[in-house]
Amino acid sequence: MRERLAADFERFGRAMPPDPAAHVRETYGIDLSARYLGFELPHPIGKGSGQLSLNADQLATDREAGLAFVILKTVIAEDEAGTRSMGAWAIHETRMTVERRTAADGRAGWTVTWKGRGWDRPFEDYLALVRTAGDLTRGGALLAVPSVKYHLPHLDEPFRSAEYRYTTGRIVEAWGGGDVPLEKDFSPTLAGDALADERERILRWLREVPGEIRRASAGAPLRLAIKLMNARFDDGFQREMLAAVREADALVCFNRLWDAETRVAYGGWDLSERNLGVLRSARAAGVRLPPLVGTGNVCSGGLVLDYARAGCESVELHTFFQLPLAAYPASSGSRTQRALHALFFHPVDGMVAGMLELERSGVLHRRGGELRFLDLCQGGER
Ligand SMILES: Cc1cc2nc3c(=O)[nH]c(=O)nc-3n(C[C@H](O)[C@H](O)[C@H](O)COP(=O)(O)O)c2cc1C
């Protein structure tokens, strides 16, 4: 199988097979099926919300590349009159820099430095993208998910329910029928804001925001993922945040770290260390959690499996889809295709290599002749 994998890595670096997950199943007896918000996925690799999911062309490229799901850029909620209490997050900024970042333990990773925030165009333009997303999802071509940042109050203030109602209602309507997946973003720039400098305030948001969104959806079949930030407090508080969320159908763990000195969000190995550490410790402490989705420095198949073993049923990447072309082992294809090639087939670091290794070391066992990705999320030792 190792020889076969080396040959696949070589030839798929020139052109990926049309359905890489089916190829992996047939060739290696590995079932990569995964889940996001209860939607069945052929494999666990999706794209996190950001500058790489702003328009229909980007969605078309990702569908063609065989990505399992995409989260649309985060839109800032507004009420009927167009008022946005989180309007400071709708700033326009085009310049992004992809750069190396050395972690505290010395490992060199990648980060994207950018001072922008949420969707900076009219809400109607976002709704047009949601329409496309609904069509792609219902057609089975690609699960594409809207993302929103809603009003977050001070402790003594009520939630601005009018913003929740108007924004959610318009998104549900634009979606066009069937279950509506929605991600609510608590971003790193929020973690760096004075609004998030009190623990009690953050915990209240996590307890109450999902209920606000559900009420705002007025009975529509909403599936709600809460994407948590890395707050500027310790790991213990991060676990408290996990435990505080009520009524979410999934948790996305965790958005980027905040550099208070340079006032930018960042990723790299510090981010995956923190995220995996908190998820593992929450699991060890028996914190009861809804299904998990991982995000943060997923730059190899090995990292996908690490997040899976910490409980994540799928992963959302951003930075790895934005590297200089020379950083991918593939010699052709879109960045999404080149990234999938490395994540699936890298002979040392890929998902196939990693799952075969987990089988060899007795962590993962075949059932019905197959190794199953989702078994890893439940502990693997079946
Ligand atoms: C330039 C940039 C913009 C982003 N914008 C958003 C956003 O609007 N909403 C959101 O939920 N996450 C946003 N993210 C976070 C990513 O979706 C992802 O969760 C995070 O970067 C960690 O994954 P990574 O290490 O693979 O980049 C953004 C990330 C980057 C780098």
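All values below come from the heavy atoms of this structure, side chains included, with hydrogens, waters and symmetry mates left out. One-based numbering, in listed order, for ligands and for the atoms of each.
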| message | Run the side chain to side chain contact (heavy atoms under 4.5 Å, CB included) test against Q58 and tell me which residues pass, sequence neighbours left out. | response | L54, N55

| task | Quick one: list whatever passes side-chain hydrogen bond (donor to acceptor under 3.5 Å, both in side chains) with Y266, sequence neighbours left out. | result | none

| message | Looking at every non-hydrogen atom in both residues, tell me the closest pair between I171 and P146 and how far apart they are. | response | CG2-CG, 3.9 Å

| message | For the aromatic rings, using the six-membered ring if either is Trp, is the centroid distance between H341 and Y328 under 6.0 Å? | response | no

| task | Write out the protein residues near ligand 1, meaning a non-hydrogen atom under 4.0 Å from one of its atoms, in order of chain and number. | result | G48, S49, G50, K73, T74, M96, V112, W114, D185, K227, N255, R256, L271, T295, G296, N297, L317, H318, T319

| said: Centroid separation under 6.0 Å, is that true for the rings of H43 and F344? | reply: yes

| field | Residues in side chain to side chain contact (heavy atoms under 4.5 Å, CB included) contact with A326, at least two apart in sequence or another chain | value | none

